[in-house]
Amino acid sequence: MPRYNPSEIEPRWQAYWDENQTFRTPENPGQKKRYILDMFPYPSGDGLHVGHPEGYTATDIVARFARCQGESVLHPMGFDAFGLPAEEHAIKTGEHPRVQTQRNIDNFTRQLKMLGFSYDWDRMVATTDEDYFRWTQWIFLVLYDTWFDAETQKGRPIAELPIPPEIATKGESAIGRYQDGQRLAYQDDALVNWCPALGTVLANEEVQDGKSERGDHPVKRIPLRQWMLRITSYADRLLDGLENVDWPFGIKKLQQDWIGRSTGAEVDFFVGDEAAGAAWAEERRSSGFPSEQSGQALRVYTTRPDTLFGATYMVVSPEHTMLEQLTTQTQSEQVREYCEKASFKSDRERADGDRDKTGVFTGSHATNPVNGQPIPIWVADYVLAGYGTGAIMAVPAHDERDFEFAKQFGLVVIPVVDPPADHPQRDQIMAGEGCFAGQGNAINSDAFDGQETNAVKAAVIGMLCEQGVGSEAVNYKLRDWLFSRQRFWGEPFPILHEVDGDGNLTGAKRAVPDRDLPVCLPELEDFKPHGRPEPPLAKADDDWLYVTLDGKRYRRETNTMPQWAGSCWYYLRYIDPKNDQALVDPGKEQAWMPVDLYVGGAEHAVLHLLYSRFWHKVLYDRGHVSCPEPFGKLVNQGMILGGVEFSGYLNQAGQPVSSKQVKRNAEGDRIGPDGSIVKSSTLSEDVVEKKGESFVLKSDPGIRVDSRAFKMSKSRGNVVNPDEVVREYGADSLRLYEMFMGPLEATKPWAMNGVGGVRNFLDRVWRMMVDAKADELVLAAALSDQACDADQNRMLHTTIKKVTEDTESMSFNTAIARMMEFTNFFTRADCRPKEAMQQFLVLLSPYAPHIAEELWQLLGGNESIAKQPWPQWEKEALVESSIEVPVQFNGKVKVKIQVAPDVSKEVLLQTALEDPKVLSLLEGKTIVKQIVVPGRLVNLVVK
RNA sequence: GCCGAAGUGGCGGAAUUGGCAGACGCGCCGGAUUCAAAAUCCGGUGAGGGCAACCUCAUGUGGGUUCAAGUCCCACCUUCGGUACCA
C-alpha cells in the first residue's frame, strides 16, 4: 500500500543528503551570504529535548529557504562539550569524561540527523577537541597579552603599555608586575566554595543554603588565587554596541541592566582627628581630589550628590579595608562579631532572607563636607564591598534602604528634596517620617534651596571639585569575570608559573609559547578529589606539571576555564574549522561574518551573549576579526512546556476543595479554608469542564480546579522525547508541529493531538499527489499536465506570496496554515496541474524536507528539491475578478456587496447606495456622514 | 519591589496603516462510505435569543479618542519569565 510512511522515507533521504553532500557550504560565499547559527547544545546524557528542535527547525527552514533563493548559506552545528555532569559521572564511575562526552555527542548527532537538519556536518566542532581548544587557549593568551587603553577605548598589546618612570627604574620584575596589573586576564584572590568533607571546591550551583548539594556537608568560603577577565573595561563598548544590533528589545534591556552604568560622584568624608580637619581641607583645596583614597578620608560613591545635605550617617561594608581603623575600642568586639557573622553568609543568603537590615556602630564619626556636621559611621552588610567604593553616605529621607536602616536604629532623617505638591505622602516626607527617592526642589540645603534636583547635582559636584573633596564618577554593576574553575573537565590555562630552586613559586608567569599549544589535559589515575583546596589538575604527574623552558623551571597553571570559554567564539571556528595556522582565515572571516541570524533560548540573554561579545571586541581590537559585533540578528525561541494539566485539591478527609479557597501559608504550604494543609492531585481532562472564567469538576461545578502547563522536567514526568515522536509521527511532523504551535518567541504548551493534526496534513499532501488506492506507488489520477485555471492560479500564487513573506519574517505558523489551505483546495479539485504541485513542494520543502523530496522525485524531479529555485509569485495572478465589500451602518456590518477589486471611491459608494438591501435599510433615515475606503468598506452614519 | 512578555471560542492560535474578530489546526456534533470498525470524504461548531429572515452580546476589567478599537491613550487586575539591598 503506497501510504505515506515517514519511517521509510526519512532515513533514505537523510542518507542521500549525506552521500551527495547536498548541504556542503561553499568555501567562500557568492553574491549574497547568510550565516545562520543555532546556539550549540551541551550534549547531556538525556539526549535531545523537544526544546532543541524548536530553534533548530526555525533556522533550518531559513537556511533551506535562503539556499533555494540562491544565497550562499553557512549553517553549522557543534557541541559545547566541557561541563560538570561528565566530570561527576567520571568521579562516580572512573570512566574518563571524554568517553562519556563522545557517547553523548554521538547520540546527539544521531538525533539531529534523524530530524533532517541541513547542517554542513563537515564543519562540526566540539569544544573538547584538542584542535578546537588549542584556539580557545590561544585567544586566552590574546587576552593575557592585551591591556585596555581607556583613552582610545581600545585593547592594545601589552608591549605598548606605557611604563611610568618610577616603575621603570625599579627593574624587570617591577615592570612585569605593573604589566600583570593591567592585563585583560589577571590573577586575584577570590572566594571559592570549599567543602572539606568532600575534599573539593564546588561550583555555586552545587551549593545550597551553605551545604553541598551532594551529601549535605558544610561549605566554607575561602580565598583562592583565581583568573579574572577585565570585562569591566569594555563596559561602555558593550553598552554602545547594542545600538547597532537587531536584537529583541527585552534582551538589550537585560544586558544594559546587567552592565548597569550609573553616573554620580565620589565624595571624601574626613574621618581624621577633629583638630586636623581644617588643615586637611586646606590641603585638599590646593592639591585637588586624589585618584586613590587616603587614610584620612572615607570615600563614597553616590548617584545623588544633590542630597549631600541630608547625609546623616555613613555605612561601610563588613569587608571594607578602613573598617579596622574606623572602629573604636569600645565597639571593636561588637564589630568583630558582626563581621564574622557576615562572612559566613553567602552572597545569596545576604541577598535573600527576610531582608531585615542589620548593622553595628563603629564608634567613629566623619565630617559631612558640605556643612561640617559630624555623622556616625556604621558597618552593615546591606552595603556591598564590590560596588562603588564599598562605602556609602546614607540619606534616609531619600533612599528606601537608608530609610529602613535609620528607622531600625533610630538615626536622624533630614529631608532635603521637596516632593511635588501632589505627592500623597508629602507631609510625612517633609516631617522626616517618609522616604522620597524622586526628584524635586532642594530644601535644607543652604545656597541650593529651591533649585531642581539635576541643577543641584551639577552645582554640588562643581563645589566638591573646587574643594578637592569630590569628583564626577561613573560606576557599573558589571564585575570582572571570574574565569577559573577548580575542575578537571575544562580547558587548561596555557600559563606557566616560575618556580625557584626550592620549588616555590616566584610570582613570575609566562605564557605557553604558541608552538606548544594546545596544552592538553593530563592523564589521571582517577577523577576523585584529592582533598586539598586546589584544582584536580594538581594531582597530575610531575611530567605534566613541571616544564623547563629557556633554562627556567615552571609549574603549570592547574585551574581550568569555565564552560563559557568554548562557547565564546565557536561561531568563528565554523567558518574555517580545520585551519591549523589560525583560529580562522582572515579572508573567510571577512566573507562570512557577522552571523546574520542567531537563534537560541533566552536563558543566555546575558552571560553567554555578553561574554562572547566581549571576546569578539578584544579580537576586533587586536585585528583578528573584522566586525565589531558578532551577532547581527538575534531571536529567542520560547520555551515549550509540558501538556496542560488539571489539578484539584483534597483536604485531610479526602474531600475536594475549590482552588479558589486554597491559599498559601507562611511556610509556603497550600492550605484550605479551615487552615489545614491540602493535597494537590492531577485530574484527567474528561472529569473537568469550563465554567465561566475557570475550569470546574463536572461532578461538582462548585469545585474550581487549576489548569496550567508546566516546564518539562524529569521529576514531573512530563518530558516529551523526540525519538518517540519521530517513531510515531515522523520527523517532518515533529518539525511542522513545533513550527505550527504558535509564534517562535512564545511560550507554548505541548499537545500530542497537535502532532497528529500536522501529520494529518502531510497525509493529505501525500494523497493529493499519490493514488492511495492503487497497489503500486503511482501518481493520483487527478494530476494533470494542464495549466492551472484562474482560480487555481490565484490559489497557487497567493500561497507562494504568503509562504515567501511569512518564511522571511519567521512567521512559520501562518505559512503552514496557508499551505494547509492550499492542500484543502487542491484535494477538492478533480484536476491538479503538476506545475502547481511542483511549485507547492518547493514551498513545503524547508518545512517538511523528506516528504517534499520524495514527492518531488515521484513527480519526475531528478535532483534534490533543495537545489530548486524558490517560486516567484505573479502579481497579475493574485487579482480577483470581484471582491466582497462590507457596508456598515454606524460601524456595524449590515450588507455585503460585490464589486470589482480596483473600483474607485465614487463607484464603490454609488454601488453601495444602489444596493436594494441598503436602500431598504435607509428608508426613513438620513445619512449624516459617509466613509468610503476603496477595496475595504463603506460606512454610512445614519440618523 | 523592579524589569520584560502576555491576556482573543472547550484548547493551540489568526487578524496589513485602526477597517468584516475567530484564518489554520485540535476537540466536539452530524452525514456519506462500510456487514462493522479503523481510515477517508462532506458539512456544522463563540455565547444568548428567534419558526425564520435576523437580532443582541462578545478579544482580562473600567474609562477615553474615533464614522470605526483586539489594535491607539489613561487607570487597574491576572498570569508567565527574569532579577534582587548596585547607593
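Note on naming: letters A, B, ... go to the chains in the order of the sequence lines (proteins, then strands), and numbering restarts at 1 for each one.
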Stems in RNA chain B, runs of 3 or more consecutive Watson-Crick or G-U wobble pairs with both distances under 3.5 Å, sorted by first number, are B:1-7 with B:77-83, B:10-12 with B:24-26, B:27-32 with B:40-45, B:46-49 with B:54-57, B:60-64 with B:72-76

Does a distance-only test, which skips hydrogens and angles, find a donor-acceptor pair under 3.5 Å between the side chain of A/Asn939 and the base of B/rC67? yes

Does one side chain, of A/Ser647 or A/Arg708, offer a donor that lies under 3.5 Å from an acceptor on the other? no

Between A/Phe889 and A/Lys894, is there a cation-pi geometry (under 6.0 Å to ring centre, at most 45° from the normal)? no

Taking the P atom in each of B/rC28 and B/rU16, what is the distance between them to the nearest angstrom? 31 Å

Is A/Arg828 near enough to B/rC42 that one of its side-chain N or O atoms lies under 4.0 angstrom from OP1 or OP2? yes

Strictly below 4.0 Å: does A/Lys748 bring a side-chain N or O up to OP1 or OP2 of B/rG12? no

Taking only side-chain N and O atoms of A/Arg764, does any of them lie within less than 4.0 angstrom of OP1 or OP2 on B/rC41? yes

So, is A/Ser262 close to the B/rA87 phosphate, meaning a side-chain N or O under 4.0 Å from OP1 or OP2? yes

Looking at A/Lys711, does any N or O in its side chain come under 4.0 Å of the phosphate oxygens OP1/OP2 on B/rC80? no

Is the shortest side-chain heavy-atom distance between A/Met752 and A/Tyr729 below 4.5 Å? yes

So what does A/Glu745 hit on the nucleic acid, given a heavy-atom distance under 4.0 Å: a base, only sugar-phosphate, or nothing? nothing

Does A/Asn813 put a side-chain nitrogen or oxygen below 4.0 Å from OP1 or OP2 of B/rC24? no

Can you tell me if A/Arg708 touches the phosphate of B/rC80, counting only side-chain N or O atoms and a distance under 4.0 Å to OP1 or OP2? yes

When you check the phosphate oxygens OP1 and OP2 of B/rC57, does a side-chain N or O of A/Lys892 lie under 4.0 Å from one of them? yes

Assign A/Lys253 to base, sugar-phosphate, or nothing according to its heavy-atom contacts below 4.0 angstrom with the strands shown. sugar-phosphate

Whole-Å C1' distance, B/rA32 and B/rA37: 15 Å

Charged N to carboxylate O below 4.0 Å: is that the case for A/Glu645 and A/Arg716? yes

Would you say A/Asn760 reaches B/rU40's phosphate, i.e. side-chain N/O to OP1/OP2 under 4.0 Å? yes

